[in-house]
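Numbered from 1 within each chain, the chains take letters A, B, ... in sequence-line order. Just so it is clear, the structure is predicted and the values come from calculations on it, not from any experiment.
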Amino acid sequence: MTTKTIETRFPHEIIENKWQKRWRESSLYKVEDNDPRPKWYELTMYPYPSGDLHVGHWYAMTGADIHARFRNMQGYNVLHPMGFDAFGLNAENAAIERGIHPHSWTMDNINRMRDQLASMGPMYDWDREVVTCLPEYYKWNQWFFLQFYKNDLAYRDFAPVNWCPSCVTVLANEQVIDGACERCDTTVTHRDMNQWFFRITKYAEELLDQSKMDWPERINTMQTNWIGKSEGVEFKFDITEYGLDTKSLVTFTTRIDTVYGVTFVVLAPEHPLVQPLTSTNQKEAVSDYVNKARKSSEVERLATDREKTGVFLGSYCVNPLTGDRIPILIGDYVLNTYGTGIVMGVPAHDERDFIFAKKYDLPIKVVVAPPGWDGSELDEAYLSPGTQVNSSQFDGLNSTKGKQLIAEHIESNDLGTRTVNYRMRDWLISRQRYWGTPIPMVYCDACGVVPVKEEDLPVLLPEDAEFLPTGESPLAVHDKFVNTRCPDCGKPSKRETDTMDTFVDSSWYFLRYASPNYSEAAFHEKSAELWNPVDQYTGGVEHAVMHLLYSRFFVKATRDLGLIKYDEPFKRLFNQGTIIYKGAKMSKSRGNVIAPDDYVNVVGADTVRTYLMFIGPWEQGGEWNDSGINGAARWLNKVWDISHIDPKSFKGSPDSDTEKDLTRLLHKTIMRVGEDIEKFKYNTAISSLMQFTNALAEEKLFEKINYDQWLGLTRNLYKMMAPIAPHLSEELWEKSGMESSVHTQEWPKYNENLAKDDEITLVVQVNGKVRAKISASVDITESDANEIAMDDPGVQKHTQGLEIRKVIYVPGKLLNIVAN
RNA sequence: GCCGAAGUGGCGGAAUGGUAGACGCGGCGGUCUCAAAAACCGUUGAGGUAACACUCGUGCGAGUUCGACUCUCGCCUUCGGCACCA
């Protein structure tokens, strides 16, 4: 803490301990499946047990807890669980650095974090906790894997992976930031390895359908971009003259309308046809180029501002539509992993091809004419639609129409097919790491690749592995683990030694919460059906295309296995913002972490919760400010103070105006706070509660109302505060003579008539400028308003000598006199 | 380069066509105190005035409207995301 923090006047530590104990003893937050109330599943993304919880976690967890508590008070049977995303590379690295076993490192962290989370006073039912590194959980990862394998959704393939030469390990895609290792910033290279994949691309089309969920637009956009659908044509160029097995070069294009303008064809340097198509005198140049391309890093290759280079192979293909002989080149701007790895070059109508053609002096042939084109050379590629020219029988057509007719022509002459391409790749789940779920497969010399039998699950992760990074999975050198018997023939065979990506764990944990201790299956069918799908999911935006996309895939695949009936895991999604400190996101390495414990000790959990939610709109995040927390502390202090006014001070005969005013404010507050919490606008909800408190704290208010009225007002205040400040509101609820928990109370209802003002301030404008504010009855008529306004000296001053053209009246609000 | 979000007092923010700056932080002045802290009261966009009045003011420039922080168009800046995907 850098600046002075004020103290609370209520014994927060005693109150927190007292109520956390009582809630635990009375099982207040126990969630039962069997409950007549409608269900509500409120989920927040579970944390990685990295060690210490910081206020960033509190920010995410408090906001979710408030919403869950609010739904509970609205009469829902709420499931708001918590667990730990416990597998992962950090544990392994910590183990290497400190000589602690990943298991004990992780479990110690979980124990500490569970206490820190509990100090927030959340409504978690800890009996439903999920810890993904335990065999009881990861057994079902293996089970899902086997189901996917059986249904052709899991397969093994030889594929390039990201490799960090410094960490001596494979990295997940998400751990590669701008081509460099997330941990050590070393440039990532590639290796080709046998890997396991989940066939997420099978669901590409369905994943594009976002109509069954209510998610933020930007997340939807990010997913759509990630999937990257593009419709086009695979078009074949003839290479029969070289007498190879392959008779044609298949290119993919979205601009088949430009096919008459092809002046060259470019292969990716890694393409298998490069070698057979290289002529003798180009061999050296080509192999030099290929070697150079192989060595350059991913970042270098993908940099858009990079000069486009290429080499002529010395061979040609034939465009079957024109009979033109077209030079074949290789260029590293062509990606082997997208489309067919071969691109047709149309310099007149593609920016990259234009630059490439200029550089290598290739012809530029216009086939889609810009409006008013005079046949002269183009200064740059023309990308928009236009009129087909130099396109044989399609000349004169609009290119949009041309695209369609040329595609049909190509298909009917067997020169190509219309296809759809996706940028999204299948999900590579193999990791050459120790701290993850073993992939339950066995390699048998006689039977080949054989799945472990379901009844033999889990394949346990051995505790005594040597997990120093060697580039191979640590399990590979663990003889007892590796050597097994073939599930089919019983002969000695070897286990798969890679482990699963930890995103597998988080792709179905929301199903596990429904029946976390069920040992017969991944989830109890009835419980899972009761609670899922998640009604409201909250979490950071950083998971937009990984976790959120994988989970959607998992649910669709599980549905197709016949295990669940719905299509989407998370009906609604809300992204909270990030708490920053000293201008940056909190992180251990930056040394700008705020530990909630320090503040909890001084001002209490409720104050920290309130402050965090008051900083600004939850979705925006904001900067932690030490002095800002004073505002939250002062508010709760004030609530505490007014709750301790001696009941004997209240007068028996109330003042009816005061009563009316307070009743009106109460109903307005109920309305605002409820609407705001519903929409996660916690900052304005707290603001309304502060205003209400300020009205109740007005000097000598007790002389104007009686004690019953006072209790009615304050008890409603406690109920509305309960989701935000659960301990203090509970304590004051009890002190006000109420039994049971404030958290099981019904959310107060407001009466619209009682919330209405009967006196308003009529704003009088002359030509749009405020010239008078007149207090008036809410139902003042236009003519009365007009009359009063015209009598006002301030208004008269500004209308003097002018002709009144028009008067605009907004009932109960405003009168604007237009004069000139 | 493309897409998206945002730009309001000293600061966090409120108000999505009708009183700009709610609520809070910080500051200033006061009460209490031996003194301080806390608390309480007052004040706090800029200019202007003895005080009012009045003028200006929501990134910049136009526009629509009786009236614009809010809608439209064009810029600028910041932050995110994507980025040779053929």
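In the set B/rA22, B/rC66, B/rG12, B/rA22 carries the atom at the smallest distance from any side-chain atom of A/Ser687. Side chain of A/Ile808, nearest nucleotide from B/rC23, B/rG18, B/rA86: B/rG18. For A/Phe252, the listed nucleotide lying nearest its side chain is B/rA86; candidates were B/rA38, B/rC66, B/rA86. With B/rA22, B/rA39, B/rU19 as the candidates, the nucleotide lying closest to the side chain of A/Thr761 is B/rU19. Nearest nucleotide to the A/Lys308 side chain, out of B/rC84, B/rU19, B/rA39: B/rC84. Counting only heavy atoms from C-beta on, A/Thr684 has its side chain closest to B/rA15 among B/rA15, B/rC54, B/rA86. Side-chain proximity of A/Arg634 to the nucleotides B/rC25, B/rA86, B/rA14 is greatest for B/rC25. The listed nucleotides are B/rC23, B/rC25, B/rG18; the one nearest the side chain of A/Leu814 is B/rG18. Comparing B/rA38, B/rC85, B/rG26 by their closest approach to the side chain of A/Arg352 singles out B/rC85.
With a 3.5 Å ceiling on both atom-pair distances, B/rA36 lacks any Watson-Crick or G-U wobble partner. Figure legend. B/rA14 is base-paired to no nucleotide; pairs are counted as Watson-Crick or G-U wobble with both atom distances under 3.5 Å. Base-pair partner of B/rG29: B/rC41 (Watson-Crick or G-U wobble, both distances under 3.5 Å). With both pairing distances under 3.5 Å, B/rA83 is matched to nothing as a Watson-Crick or G-U wobble pair. The nucleotide B/rG74 finds its pairing partner in B/rC60, both defining distances of the Watson-Crick or G-U wobble pair being shorter than 3.5 Å.
A/His349 contributes a side-chain N or O that, together with a main-chain N or O of A/Val368, makes up a donor-acceptor pair within less than 3.5 Å. Under the 3.5 Å distance criterion, the side-chain polar atoms of A/Asn592 are matched with a main-chain donor or acceptor of A/Tyr581.
Checked against the 6.0 Å centroid threshold, A/Trp624 and A/Tyr599 count as a close aromatic pair.
When the P atom is compared between B/rC52 and B/rC34, the two are found 37 Å apart, to the nearest whole Å. Taking atom P in both B/rC71 and B/rA6, the straight-line distance is 9 Å, to the nearest Å. Using atom C1' as the reference point in both B/rG18 and B/rU65, the two lie 12 Å apart (nearest Å). The separation of B/rG27 from B/rA36, taken at their P atoms, amounts to 16 Å, rounded to a whole angstrom. Spacing between B/rA62 and B/rC56 at atom P, rounded to whole Å, works out to 15 Å. The separation of B/rA37 from B/rU19, taken at their C1' atoms, amounts to 39 Å, rounded to a whole angstrom.
Taking 4.5 Å as the limit, some side-chain heavy atom of A/Asp332 sits within range of a side-chain heavy atom of A/Tyr289.
Residue A/Arg218 has no polar side-chain atom (N or O) positioned under 4.0 Å from OP1 or OP2 of B/rC3. Taking only side-chain nitrogens and oxygens, A/Asn694 comes nearer than 4.0 Å to OP1 or OP2 of B/rG24. Proximity of A/Arg423 to the phosphate of B/rC84: no side-chain N or O atom is located under 4.0 Å from OP1 or OP2. Side-chain N/O atoms of A/Arg672 include none lying less than 4.0 angstrom from OP1 or OP2 on B/rA22. The side chain of A/Lys773 places no N or O atom within less than 4.0 Å of a non-bridging phosphate oxygen (OP1 or OP2) of B/rU19. Taking side-chain N and O atoms only, A/Asn683 has no distance below 4.0 Å to OP1 or OP2 of B/rG12. Look at A/Lys681 and you'll find a side-chain N or O under 4.0 angstrom from OP1 or OP2 of B/rA15. At least one side-chain nitrogen or oxygen of A/Ser230 sits closer than 4.0 Å to the OP1 or OP2 atom of B/rA86. Between B/rA86 and A/Tyr333, no contact under 4.0 Å exists linking OP1 or OP2 to a side-chain N or O. For the pair A/Lys769 and B/rC56, the criterion of a side-chain N or O lying under 4.0 Å from OP1 or OP2 is met.
Across the protein-nucleic acid pair, A/Asn637 atom CG and B/rA37 atom P stand 17 Å apart, rounded to whole Å. Between A/Met222 atom CE and B/rG4 atom C1' there is a gap of 9 Å when expressed in whole angstrom units. As a whole-Å value, the separation of A/Gln765 CD from B/rG18 P is 11 Å. Separating the NZ atom of A/Lys585 from the C1' atom of B/rG80 is a distance of 12 Å, rounded to the nearest angstrom. In this structure, A/Ile615 places its CD1 atom 17 Å from P of B/rC11, rounding to the nearest Å. Put simply, NZ on A/Lys813 is 14 Å from P on B/rA15, counting in whole angstrom units. Regarding A/Tyr581, its OH atom lies at a distance of 16 Å from the P atom of B/rG12, rounded to whole Å. Taking atom NZ on A/Lys638 and atom C1' on B/rA38, their separation rounds to 14 Å, with Å as the unit.
The glycosidic torsion of B/rG9 lies within 90° of 0, placing the base in the syn range.
Residue-to-nucleotide proximity on RNA chain B shows that, of A/Lys806 and A/Thr340, the 5′-proximal contact is made by A/Lys806.
Here A/Lys229 pairs with A/Glu205 in a salt bridge; the nearest charged N to carboxylate O distance falls below 4.0 Å.
Here the CZ-OG1 distance, from A/Phe252 to A/Thr417, works out to 10.0 Å after rounding to the nearest 0.5 Å.
Among the protein residues, A/Arg9 comes within range of the sugar-phosphate backbone only, with heavy atoms under 4.0 Å from sugar or phosphate atoms but none that close to a base. The residue A/Glu623 sits apart from the nucleic acid: no heavy atom pair falls under 4.0 Å. Residue contacts shown for A/Thr221 are absent, as no nucleic acid heavy atom lies under 4.0 Å away. Contact annotation for A/His798: backbone-only contact, meaning every heavy-atom pair under 4.0 Å involves sugar-phosphate atoms and none involves a base.
A/Thr337 and A/Glu270 form no side-chain donor-acceptor contact under 3.5 Å, judged by distance and modelled atom types alone.
Ring planes of A/Tyr360 and A/Phe356: tilted class, angle from 30 to 60°.
In this structure A/Asp791 satisfies the side chain to side chain contact (heavy atoms under 4.5 Å, CB included) test with no other residue, sequence neighbours excluded.
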